[in-house]
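Beneath this line is the structure, given in structure tokens, with notes to follow.
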Amino acid sequence: MSEAAQPVILARGLTRRFGDLVAVDQVDLQVPGQRVYGFLGPNGSGKSTTIRMLCGLLTPSEGDIEVLGLRIPAQADELRKHIGYMTQKFSLFEDLTVRENLQFMAALQSVPRARTRARIDTLIEQYHFSDRQKQLAGTLSGGQKQRLALAVAVIHEPQLLFLDEPTSAVDPESRRDFWEKLFELADAGTTLLVSTHYMDEAERCHRLAILDRGRLVGDGTPAQMTAALEGRSFVVTAKDPRRIQHALSGLPGVLSAAQIGASLRVLTDAADGASETSAQAVRERIESTVQGIDADATFKPAEPNLEDVFVAATHDGRSQREMAA
Ligand SMILES: Nc1ncnc2c1ncn2[C@@H]1O[C@H](COP(=O)(O)OP(=O)(O)O)[C@@H](O)[C@H]1O
Ligand SMILES: [Mg+2]
């Protein structure tokens with residue numbers, strides 16, 4: 001059996017309340033091994049709370065968690081030896097040098113003394129710190145701090161790495177380099193769980209869970225999730241997109257109409273029982289509304305993207321909840 005076949009994280013009915021607030025609401029997860037698994041969701045959707053429960057840092061109000069075959073939180077102490085955890089705050093010691101940060105963490109993670117030196121040398125090389133070993137961490141750039149924080153998080157060669165919005169505080173170029181490092185780690189056999197609110201980062205993950213207000217509203221590969229929206233995304237180009245946006249918002253069958261530069265991105269409802277004909281009717285209704293405002297406007301099908309997936313997942317979820325209520 002390959003390790004990848006066995007889920008590395010299994011959670012069922014995971015729930016966390018803070019007083020009256022339900023921060024994480026009945027979330028089921030299955031994270032396969034040796035892949036980059038993404039958590040996509042806006043601020044406050046429950047990403048950090050979920051990650052903290054999966055690491056054993058926070059006790060769930062309800063639900064079952066198994067990580068690397070261990071029951072969490074009961075076996076959290078054992079788990080800690082096999083996981084790494086990095087947040088956007090990086091938690092480095094600013095008045096220690098690059099090498100001293102690595103040494104300190106090696107000791108904290110009980111890396112055997114005999115192995116520490118070689119391990120740190122390797123990391124300094126792999127993470128491009130050869131010229132900066134003696135530099136104080138506090139004087140590094142944002143991107144360098146992020147790279148060091150990752151090196152520190154993997155000092156004990158964890159099987160599983162949790163990264164909670166690790167790129168929020170750095171520039172786009174550093175974000176790209178950082179993702180290269182994440183894929184190197186996955187290729188070397190590490191499982192990564194990465195939260196983000198950036199669509200372009202979510203797009204790069206092997207699999208993805210979408211969270212909205214504490215609920216899991218979608219999961220799958222980015223390709224599966226966008227393919228499921230085939231036929232529902234459109235682009236309208238017009239002189240005055242805002243006027244058309246107003247006319248389309250609230251039109252039956254229109255889930256959302258969002259301005260992107262000089263055009264509008266339109267997402268239609270899920271085709272239900274009466275499917276084909278009603279989807280066709282919706283398209284015709286949109287087209288005639290657009291043409292009625294601006295005869296020169298164009299209305300064309302678009303390739304669905306993850307932004308659409310997110311909008312559809314949250315809107316469809318909302319209408320289901322309203323129906324259930
Ligand atoms: N320790 C806490 N006490 C009270 N409320 C909290 C606590 N931690 C998180 N929350 C609330 O739970 C919700 C989810 O937060 P969080 O998991 O941090 O979301 P995200 O990481 O997706 O931004 C938010 O409404 C947040 O204010
Ligand atoms: Mg968070």
Side-chain angles (χ1 to χ4, degrees), residues 9-31 36-65 67 72-73 76 79-80 83-92 142-143 145-146 149-150 152-153 158 160-172 174-175 178-179 182 191-205 207-220 222 225 306-307 309-318 321:
I9 299 175
L10 258 174
R12 217 161 298 154
L14 193 57
T15 299
R16 174 68 202 211
R17 287 181 284 271
F18 294 108
D20 289 339
L21 177 83
V22 187
V24 176
D25 192 1
Q26 295 290 330
V27 166
D28 295 327
L29 287 174
Q30 268 206 35
V31 178
V36 181
Y37 191 95
F39 261 16
L40 176 67
N43 280 333
S45 56
K47 302 183 297 295
S48 297
T49 304
T50 303
I51 289 176
R52 289 169 62 212
M53 288 192 284
L54 297 176
C55 297
L57 294 170
L58 184 72
T59 304
S61 307
E62 284 170 33
D64 297 306
I65 306 174
V67 182
I72 304 303
L79 179 68
R80 218 149 285 155
I83 63 169
Y85 176 59
M86 172 179 166
T87 72
Q88 60 179 299
K89 296 206 180 80
F90 301 163
S91 46
L92 296 169
K145 279 184 187 167
Q146 178 200 43
L150 183 60
V152 162
L160 170 62
L161 189 56
F162 292 96
L163 300 141
D164 193 5
E165 302 211 27
T167 62
S168 295
V170 301
D171 58 275
S174 301
R175 287 212 281 139
F178 188 78
W179 273 83
L182 299 191
T191 305
L192 294 96
L193 191 149
V194 188
S195 72
T196 182
H197 59 260
Y198 294 115
M199 296 289 167
D200 62 323
E201 292 190 344
E203 208 122 47
R204 308 181 71 161
C205 297
R207 283 187 83 84
L208 203 59
I210 300 181
L211 295 180
D212 178 50
R213 306 191 221 178
R215 289 185 171 238
L216 182 75
V217 294
D219 65 346
M225 290 201 278
L306 265 189
E307 187 101 39
V309 169
F310 184 77
V311 171
T314 53
H315 280 65
D316 290 351
R318 223 153 272 166
R321 253 171 278 158

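Both counts, for ligands and for their atoms, begin at 1 and track the order of listing.
Rounded to the nearest 0.5 angstrom, Thr59 OG1 and Arg52 CZ are separated by 10.0 Å. A distance of 12.5 Å separates CG of Leu160 from OH of Tyr85, quoted to the nearest 0.5 Å.
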Would you sort out whether Glu201 and Thr167 count as a side-chain hydrogen bond (donor to acceptor under 3.5 Å, both in side chains), showing the intermediate values? CA-CA 9 Å; Glu201 292 190 344; Thr167 62; 2.6 Å; yes
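Leu211 and Ser45 make their closest contact through O-CB, 3.7 Å (heavy atoms, listed as atom of the first residue, atom of the second, distance). Residues Ser195 and Glu165 share a closest heavy-atom pair of OG-N, 2.8 Å. The minimum heavy-atom distance linking Pro166 with Met86 is given by the pair CB-CE, 4.0 Å.
Protein heavy atom closest to atom 27 (O) of ligand 1, with residue, atom name and distance, is Leu21 CD2, 4.6 Å. Summary of contacts: the protein heavy atom closest to atom 18 (O) of ligand 1 is Ser48 CB, 3.7 Å. Counting protein heavy atoms only, atom 12 (O) of ligand 1 is closest to Ala23 CB, 3.2 Å. The closest protein non-hydrogen atom to atom 19 (O) of ligand 1 is Gly46 N, 3.1 Å. Counting only heavy atoms of the protein, atom 1 (N) of ligand 1 lies nearest to Phe18 CE2, 3.5 Å. Atom 14 (C) of ligand 1 has Gly44 O, 3.5 Å as its closest protein atom, hydrogens excluded (heavy atom only). Of all protein heavy atoms, the one lying nearest to atom 16 (P) of ligand 1 is Thr49 OG1, 3.6 Å.
Checking only distances, Thr50 never comes within under 3.5 Å of ligand 1, N or O to N or O. For ligand 1, one of its N or O atoms has an N or O atom of Ser45 under 3.5 Å away.
Using a 4.0 Å cut-off between heavy atoms, Pro42 contacts ligand 1 through its backbone alone, with no side-chain atom that close.
A donor-acceptor pair under 3.5 Å links the side-chain atoms of Asp28 to the main chain of Gly13, judged by distance alone.
Below 4.0 Å from some heavy atom of Asn43 lie the following atoms of ligand 1, by number and element: 23 (O).
In this structure, Asp25 pairs ionically with Arg215, as a charged nitrogen and a carboxylate oxygen lie closer than 4.0 Å.
Because the distance cut-off is set at 2.8 Å, Ser48 qualifies as a neighbour of the Mg ion (ligand 2) through one of its N, O or S atoms.
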